[in-house]
Participant: 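Here it is, the structure in full.
As the structure lists them, so they are numbered: ligands from 1, and atoms in each ligand from 1. Both backbone and side-chain heavy atoms feed into the values below; hydrogens, waters and symmetry mates do not.
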Amino acid sequence: VAVVVHGGSETTFGYDRLVIATGARCKRPVSVPSAQSPGVFCLRTMEDGFAIEAHIRDKKPVSVLIVGGGYVGVEMADALARRGMSVTLCGRGVLGTIDPSLGEIVIEELGRHDVHVINASVTGVTGQSDDLGVSLSDGGIEKAEMVLFAAGVEPSTELSRGAGANFGESGAIAVSRGMETSVAGIYAAGDCAETWHRLLERSVYLPLGTSSHKQGRIAGENAAGGAAEYQGTLGTQVVKVFDLAVARTGLSDREASDEGYAPLTVEVSCPDCAGYYPGSHQMRFRLTADSRTGQLLGAQIVGDWRAQVAKRVDVLATAIHHRMRVQDLEHLDLSYTPPLGTPWDPVQVAAHSWMKA
Ligand SMILES: Cc1cc2nc3c(=O)[nH]c(=O)nc-3n(C[C@H](O)[C@H](O)[C@H](O)COP(=O)(O)OP(=O)(O)OC[C@H]3O[C@@H](n4cnc5c(N)ncnc54)[C@H](O)[C@@H]3O)c2cc1C
């Protein structure tokens, strides 16, 4: 039985099948007393976004400290710096989903736009209103007129707990590839549930809009009597940070090695379009494949945001999805025109480099 609460009154519905899609909520690594909360925000819902917007409009803070250097943290650093605020980004590294050599390019880009990056954990929020700040693991205190937590998410699972469903190690709802929980007839999808990883062949917690949409469709179809199966995620993602686009798919070298592969990774720079064409930029690639078989395992790309980084990572995600080998990439008939690419696409340049290595 599902119980829905509308402004205090409870309505009870029976159901034949139930789909739980309760999403996730922001992680707050430290508690925030209510006296401090007026200047302290999370960004998860539209309401969070409106509250941030109203605070900036009404209080006109000139400085913001963002806790967390993941994709929401760097996107907000970009957005708030563009509004003229002085931005400090505080976390254990920046974009930990990419390897440090590419992470350095992102840190440089943040610096180029006057975003101050601090490599430390936040241990508490200090002061309030005009005297707001955070305490850091290195003993320091950083002052800011606004604090934004972007320190990741945790699955919202209360409803499924009540229904008796099992959870994975990640704390998210455990589901089959048909998106059914351990309770027959109850399905779960999206950020509240675990995700089947196509390369690892096990469930992980990778809350992304891309996989949530697919899972939701499968849960819905199966709840209505279908037999659809989720084909798995590769954790493909792309984010824009000022003038850069940063993307990854599949496994990093270290992740591949931890999973028993024998990864070989090459890092290569190549132009994103014909070098003589105005506006050509260098694009930086890391390509990982198994050195015994050539099976593609992962890729990371940083390039100018106009440079079709997402197209390149999507070619590689498609290749990894279909278990292609590096040597197969050079035979792909990829498009070319001087303003948009090179006769050997950067994907193929990276593949050549891997073959030589
Ligand atoms: C700032 C930001 C940027 C993002 N950018 C990207 C991106 O570029 N690419 C990408 O792939 N992903 C991105 N994501 C992640 C993406 O938004 C999520 O993966 C996706 O929204 C998850 O969908 P969902 O339906 O599972 O959960 P949600 O969208 O969180 O929806 C869950 C809903 O369930 C409601 N709910 C919870 N509990 C109950 C209850 N007990 N009863 C009734 N309702 C309940 C919640 O209020 C909410 O409305 C971003 C997320 C954020 C916050």
Participant: Go through ligand 1 atom by atom and flag the ones less than 4.0 Å from a non-hydrogen atom of A21.
Facilitator: 32 (C), 33 (C), 34 (O)
Participant: Can you spot which of E169, E259, E194 makes a salt bridge (charged side-chain N to carboxylate O under 4.0 Å, His left out) with R202?
Facilitator: E259
Participant: Using modelled atom types only, decide if a donor and an acceptor are shared between the side chain of S176 and the backbone of E180 within a distance under 3.5 Å.
Facilitator: yes
Participant: List ligand 1 atoms under 4.0 Å from G190, heavy atoms only on the residue side.
Facilitator: 26 (O)
Participant: Does atom 14 (N) of ligand 1 have a protein heavy-atom neighbour under 4.0 Å away?
Facilitator: yes
Participant: Just jot down the ligand 1 atoms closer than 4.0 angstrom to any heavy atom of V72, in number order.
Facilitator: 1 (C), 2 (C)
Participant: Tell me whether E109 is salt-bridged to R112, with the criterion being a basic N under 4.0 Å from an acidic carboxylate O.
Facilitator: yes
Participant: Please report the interatomic distance NE2(H321) to OG1(T233), rounded to the nearest 0.5 Å.
Facilitator: 11.0 Å
Participant: Flag S156 as yes when one of its N or O atoms lies below 3.5 Å from any N or O atom of ligand 1, and as no otherwise.
Facilitator: no
Participant: Please report the closest heavy-atom contact between T157 and I173, naming both atoms and the distance.
Facilitator: CG2-CG1, 3.9 Å
Participant: Which of the numbered atoms in ligand 1 are below 4.0 angstrom from a heavy atom of D191?
Facilitator: 18 (C), 19 (O), 20 (C), 22 (C), 26 (O)
Participant: Are S252 and Q300 linked by a side-chain donor-acceptor pair shorter than 3.5 Å?
Facilitator: no
Participant: Going by the order shown, which atoms of ligand 1 are within less than 4.0 Å of some heavy atom of S212?
Facilitator: 19 (O), 22 (C), 23 (O), 26 (O)
